[in-house]
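As a basis for the values below, the full set of heavy atoms in this structure was taken, side chains included, without hydrogen atoms, waters or symmetry mates. The chains referred to below are lettered A, B, ... by the order of the sequence lines, with proteins before strands, and numbering in each begins at 1.
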Amino acid sequence: MRKITYRDALREALLEEMQRDKTVFLLGEDIGRYWQGAFKVTKGLAEKFGEERVLDTPISESAIIGTAVGAAITGMRPVAEIMFGDLVTLAMDQIANQAAKIHYMFGGQSRVPLVIRTPFGGGVNIAAHHSQSLEAWFMHVPGLLVAVPSMPSDAKGLLKAAIRNDNPVVFCEHKLLYPIEGLVPEGEYTLPFGAAEVKREGKDVTIVATMFMVHEALKAAEALEKDGLSVEVVDPRTLVPLDKKVIIDSVRKTGRLVVVSEDCKTAGVTAEIAALVAEEAIDYLDAPIKRLATPDAPIPFSPPLEKHLIPDEKSIIQIVKKIV
Amino acid sequence: MRKITYRDALREALLEEMQRDKTVFLLGEDIGRYWQGAFKVTKGLAEKFGEERVLDTPISESAIIGTAVGAAITGMRPVAEIMFGDLVTLAMDQIANQAAKIHYMFGGQSRVPLVIRTPFGGGVNIAAHHSQSLEAWFMHVPGLLVAVPSMPSDAKGLLKAAIRNDNPVVFCEHKLLYPIEGLVPEGEYTLPFGAAEVKREGKDVTIVATMFMVHEALKAAEALEKDGLSVEVVDPRTLVPLDKKVIIDSVRKTGRLVVVSEDCKTAGVTAEIAALVAEEAIDYLDAPIKRLATPDAPIPFSPPLEKHLIPDEKSIIQIVKKIV
Amino acid sequence: MDSDTLVLMYRKMLEIRLFEDKVFELYGQNLVPGTIHLYTGEEAIAVGVCANLRKEDYIVSTHRGHGHCIAKGARLDRIMAEILGRKTGYCKGKGGSMHIADFSVGVLGATAVVGAGIPIATGAGLSIKLRGTDQVAACFFGDGASNQGTFHEAINMAAIWNLPVLFVCENNLYAMGTHQARVMLIDDIAERAAAYGIPGVLTDGNDAIAVYKAAEKAVERARGGRGPTLLECKTYRQKGHSRFDPATYRPKEEVEEWLSKDPVRRLRKQLREAGTISDDKLAQMERDVAEAVEAAVTFAVDGPHPAPREALEDIYA
Amino acid sequence: MDSDTLVLMYRKMLEIRLFEDKVFELYGQNLVPGTIHLYTGEEAIAVGVCANLRKEDYIVSTHRGHGHCIAKGARLDRIMAEILGRKTGYCKGKGGSMHIADFSVGVLGATAVVGAGIPIATGAGLSIKLRGTDQVAACFFGDGASNQGTFHEAINMAAIWNLPVLFVCENNLYAMGTHQARVMLIDDIAERAAAYGIPGVLTDGNDAIAVYKAAEKAVERARGGRGPTLLECKTYRQKGHSRFDPATYRPKEEVEEWLSKDPVRRLRKQLREAGTISDDKLAQMERDVAEAVEAAVTFAVDGPHPAPREALEDIYA
Ligand SMILES: Cc1ncc(C[n+]2csc(CCOP(=O)(O)OP(=O)(O)O)c2C)c(N)n1
Ligand SMILES: Cc1ncc(C[n+]2csc(CCOP(=O)(O)OP(=O)(O)O)c2C)c(N)n1
Ligand SMILES: [Mg+2]
Ligand SMILES: [Mg+2]
């Protein structure tokens with residue numbers, strides 16, 4: 001295995017799937033030969049597969065998804081890119097009312113094999129309209145699958161699986177993850193949806209974290225080890241379906257749970273995971289569940305402000321210490 | 001006090017506020033003299049205040065909210081109606097990125113006194129595109145307030161308060177509540193945001209419920225009383241801000257919590273309330289927290305299917321019995 | 001036009017008419033849950049367009065969709081069963097009146113979100129182009145829908161990619177209680193085509209032959225790889241918008257004028273005057289259609305309701 | 001046109017030009033967090049439009065907004081401080097380059113969601129109408145933004161309610177790397193006005209006087225209660241789209257041709273040729289502007305960063 005970036009792992013997944021299956025195609029704003037994608041994930045693909053399979057679109061988010069839905073129900077497997085996660089707001093009807101519901105509403109007549117890739121997250125000082133994490137909205141919409149890869153290998157394995165899945169998948173990426181490197185299997189490599197991974201084993205406390213927060217949690221775990229604390233880090237990898245078993249098994253082992261996510265706290269990812277454990281595993285808990293998320297505020301522009309809000313190694317360490 | 005319907009209570013609030021403040025105006029699809037609102041809430045108001053203050057709009061949800069935002073930041077207090085809650089999907093950018101963030105993003109320069117009224121909920125057999133409850137999405141967006149009145153008096157008091165509030169308010173109504181009657185104070189009557197109400201006192205178990213589910217919970221409580229169980233029913237009345245104190249005080253008293261909401265279970269209203277209690281009041285609990293929500297499915301058309309999904313008195317009784 | 005097509009069109013229009021009359025009757029008897037939006041008075045549009053389509057071509061439908069589905073070849077009985085919420089309906093009772101689909105005849109389904117079907121049709125067109133078939137996709141939507149952002153975005157997209165799509169605006173003058181003149185300054189929605197650099201064609205939506213001919217050209221263009229057309233058909237709904245709407249916001253004279261332009265009677269008259277079909281055959285057809293509709297009702301009413309637990313099936317593929 | 005206006009316009013254009021040059025320089029020095037979108041080359045539009053506006057009139061701005069704000073009378077120093085993320089900036093450091101607002105001079109703020117400002121401008125227009133003042137609202141947006149659904153919905157709404165709004169399309173031929181011709185079939189976005197029954201006016205966006213005159217008519221119309229106008233100004237951005245964009249997707253000849261049409265040099269030449277301003281005064285003004293920009297930098301750089309905990313202020317009013 002070679003080390004490649006998360007960005008390259010995504011591109012490799014796209015490339016391999018496009019080679020494998022002629023019905024796979026990409027559409028989105030500036031993903032083609034002129035710009036190569038805002039985060040360069042699609043670099044080189046238009047040159048390789050032609051502009052018909054790597055379609056630059058007008059700035060029309062709602063029609064990007066709607067068009068992908070129409071293609072998906074008539075034999076194609078579109079992978080649509082929304083340039084920034086904040087802009088899914090413009091396509092929520094097509095995502096939540098059309099893509100998510102068509103299979104059900106029409107009694108199973110049609111499948112909607114559609115992947116919506118979009119980068120969430122802050123950390124690059126581009127303020128309130130380009131920094132949100134909105135994956136919880138999609139968890140709340142039955143019919144959608146939600147992937148949240150944190151590592152380059154997960155990115156590749158889950159994206160290939162997403163493209164082959166017959167359901168609409170909201171595939172959440174993170175701006176700060178694109179340059180991160182990791183070992184990634186070459187060629188055929190897929191990961192099942194609904195399989196969490198213990199990214200680090202531990203026995204005193206469980207941290208469930210997703211996406212960029214997995215990396216911060218791993219750093220925190222390392223630092224806490226020096227204080228004699230053994231921290232387990234669980235990465236759900238997909239939020240829908242959510243691997244309850246791995247999460248609950250870990251809580252059963254450690255008796256303590258901290259849930260960390262970059263999205264806003266109220267009614268977010270941490271709420272669902274905390275509620276799940278409160279419902280199904282409360283008896284294993286030796287301390288209150290702790291949630292660490294971005295406080296309920298828009299993401300501000302100025303670096304000290306933004307840094308203050310988004311969870312990181314330091315704030316994870318602090319919160320873990322509160323319950324041990 | 002007279003008994004009037006929830007619908008009439010809402011209309012009275014609109015009417016009184018329009019009389020009190022010339023900057024208050026209404027806009028939405030078919031709210032004017034020709035149709036009088038899909039649920040007749042605005043009946044008679046166009047005749048009374050003229051078509052300039054009760055504006056029928058084109059079918060353009062995104063522009064309805066965007067226009068309201070523009071009016072709100074330039075001295076008006078718009079009350080926008082989205083005809084069905086499912087259609088907020090078309091206006092999410094204007095709601096979540098513009099209305100919610102303008103005050104913050106511009107450093108407090110501007111206020112956004114905007115009310116968005118919309119009916120959520122199922123029960124009338126109009127299927128997946130007209131039956132959702134999406135209030136949890138708005139809880140997840142900082143900058144928005146979220147009202148969820150269950151009773152005619154709450155409807156009036158909260159709507160008047162919402163109109164006077166300088167923040168954008170998503171004002172959630174429910175199709176099945178419109179015809180429900182209750183005592184409503186005449187004239188000036190406002191309710192504070194963030195004040196839950198104990199709708200029924202009890203000591204064995206707490207049910208936190210919202211909107212139409214309050215009524216089902218009250219029926220369940222009555223039935224359970226015959227079995228010798230004393231059930232407390234707490235209605236948050238607003239989800240943002242959420243009255244943690246009343247909820248936690250109730251849980252401290254009863255030691256048992258069931259959260260009931262009509263929205264889909266995952267990452268919904270019940271998740272946030274359950275997580276809150278798991279974080280801040282776990283030591284008071286004598287049993288696992290239970291969440292009762294609509295299972296994660298689109299709302300189906302056929303009556304037996306729809307009835308099967310949405311929580312009601314019967315399913316509330318069942319779930320309460322699991323933890324007592 | 002050849003007479004077989006004309007006769008077939010008349011039959012389809014009659015099917016729609018009698019079907020909708022029956023739905024109206026059934027909901028008077030409280031057999032129809034929820035709400036419904038009848039296509040009565042607009043039959044010439046769906047039929048005139050679909051008479052130009054092949055089985056493998058696609059249509060995208062709306063809340064006012066029964067007529068579209070019948071015109072494209074979906075079965076009366078399974079539509080009726082769906083409207084009545086039965087397991088034997090096209091969507092196993094999950095969709096209802098506003099969400100009929102029959103993928104086996106190219107009905108990609110109806111959306112109840114006004115305007116939401118327009119980009120889906122563009123996507124069907126894109127799919128056709130990428131797969132390299134000579135199918136076409138037709139999308140029905142109302143005058144009200146043409147004010148949605150999706151109209152703008154999706155037609156523009158179909159235009160730049162030169163997709164084989166017919167955007168069929170059924171301009172019945174009203175969106176619920178809102179007259180067209182109160183929500184746009186232009187008279188003809190077809191004019192909007194110019195904003196996207198594609199042809200905009202105006203036609204009498206109550207004249208089945210006129211619709212047929214206009215659609216024929218547009219379909220020919222689309223199949224020939226010459227791109228999309230916006231086709232506006234002026235029409236009128238003879239009933240209220242939905243279940244409980246008395247439609248008192250419409251002037252009586254206006255309603256009467258349009259009732260006098262009834263598209264079903266009009267085509268019938270044309271067929272008789274041109275001698276395309278004998279009176280006997282016509283009478284026979286009319287009996288046949290009435291029977292078919294009755295049979296559909298029987299099929300629907302006899303169908304079981306879905307079992308409650310089926311509500312949790314079909315969420316994921 | 002009177003010479004005071006012309007001289008003032010030149011000064012504003014120069015302010016924008018030197019301001020943007022300085023921002024470019026500062027981010028080379030790593031003083032500017034995040035990304036930025038320079039208005040260089042498009043100065044004639046904001047200035048030509050805003051020269052027709054009063055202080056109490058409104059504008060709605062975009063991600064490429066520095067020029068709009070300067071033209072409407074916002075202060076260089078507080079804009080610069082905001083761009084540098086300082087507490088002394090217009091938004092206390094919360095907004096940054098893409099979100100400048102100055103409500104005290106009618107700048108209702110910039111949105112970084114392409115097209116999202118268009119309905120907000122319609123709303124400002126509605127507010128003016130309801131309050132019965134004679135203000136107007138001007139909304140800037142790009143060629144790319146004109147493909148958003150908001151463009152369609154919001155202009156139509158302004159049209160039917162006859163609102164005092166100028167929809168100003170800054171057509172710089174590209175949306176990021178996407179040439180206009182790849183995302184619409186029409187040449188002139190002004191043509192889209194016909195879809196809403198309002199005037200669509202095309203003008204040379206690199207000619208300040210032409211923009212001024214076109215905007216003058218539109219503002220007159222709006223103030224006179226005769227409704228909105230869509231004004232398309234053809235222009236070009238002289239720099240890349242944003243911070244790191246080398247803009248290699250643009251042919252060299254195209255770039256050179258447009259550089260030769262520089263709007264600032266052009267107005268300068270016109271003023272000198274017409275003798276509107278003496279060379280001495282011009283030189284003085286140019287020194288003044290350069291100093292003002294330097295002063296803005298000093299103000300900005302000297303300003304403190306916001307305290308971290310301020311991130312939790314201003315969430316609710
Ligand atoms: C996006 C959206 N907004 C509002 C509604 C409520 N609604 C249902 S039908 C309708 C009118 C549609 O008018 P038009 O497009 O002209 O179609 P028609 O009913 O006349 O056939 C409205 C407003 C909806 N279903 N979807
Ligand atoms: C709705 C939306 N889609 C995409 C983006 C990313 N984006 C930022 S600027 C831009 C191009 C805008 O082009 P145009 O409207 O022509 O304005 P210009 O940058 O040329 O001034 C894009 C695609 C965005 N910010 N908002
Ligand atoms: Mg209509
Ligand atoms: Mg541009």
Validation row: A:Pro58, C:Ile160 side chains within 4.5 angstrom (heavy atoms): yes
With the side chain counted from C-beta on, respond yes when C:Lys129 and A:Glu52 share a heavy-atom pair under 4.5 Å apart, and no when they do not. yes
Flag the one option from A:Gln109, A:Met76, A:Lys101 with the top tally of heavy-atom pairs under 4.5 Å to chain C. A:Gln109
Looking only at A:Ile73, A:Ile64, A:Ile102, A:Val69, most heavy-atom pairs under 4.5 Å shared with chain C are made by A:Ile73
Drop me the distance from [X]'s [atom1] to [Y]'s [atom2], to the nearest 0.5 angstrom.
X        : Y        : atom1 : atom2 : value
C:Leu130 : A:Leu27  : CG    : CG    : 9.5 Å
C:Glu153 : A:Ile59  : CD    : CD1   : 10.5 Å
A:His103 : C:Ile315 : NE2   : CD1   : 9.0 Å
A:Tyr104 : C:Lys92  : OH    : NZ    : 10.0 Å
C:Ile118 : A:Ser62  : CD1   : OG    : 10.0 Å
C:Trp161 : A:Asp56  : CH2   : CG    : 9.0 Å

Could you tell me which portion of [X] (side chain, backbone, both or neither) has an atom closer than 4.5 angstrom to a non-hydrogen atom of chain A?
X        : answer
C:Ala110 : backbone
C:Ile128 : neither
C:Glu313 : backbone
C:Asp102 : both
C:Ala121 : neither

May I have the step-by-step check of side-chain contact (heavy atoms from CB on, under 4.5 Å) for A:Thr67 and C:Met157, ending in yes or no? CA-CA 9 Å; A:Thr67 296; C:Met157 228 178 243; 3.5 Å; yes
A:Phe106 six-ring centre to C:Lys94 NZ/CZ under 6.0 Å and within 45° of normal: no
Chain C contact via A:Thr57 - which portion, at a heavy-atom distance below 4.5 Å: both
Please determine whether side-chain contact (heavy atoms from CB on, under 4.5 Å) holds for the pair A:Thr74 and C:Leu108, giving the CA-CA distance in whole Å, both sets of side-chain angles, and the decisive distance to 0.1 Å. CA-CA 8 Å; A:Thr74 54; C:Leu108 300 181; 3.7 Å; yes
When you look at C:Cys91 and A:Met105, which way does the side-chain contact (heavy atoms from CB on, under 4.5 Å) test go after all the steps? CA-CA 7 Å; C:Cys91 310; A:Met105 230 165 40; over 6 Å; no
If you look at every heavy atom in [X] and [Y], which pair is closest and at what distance?
X        : Y        : answer
A:Asn167 : C:Ala317 : OD1-N, 2.7 Å
C:Ser127 : A:Ala71  : CB-CA, 3.9 Å
C:Ala116 : A:Asp93  : CB-OD2, 3.4 Å
A:Leu144 : C:Tyr316 : O-OH, 2.7 Å

Chain A interface, residue from C:Gly93, C:Ala101, C:Gly95 that has the most non-hydrogen pairs under 4.5 Å: C:Ala101
Take a 6.0 Å sphere around NZ of A:Lys40 and say whether it holds more than 12 heavy atoms from other residues, nucleotides or ligands. yes
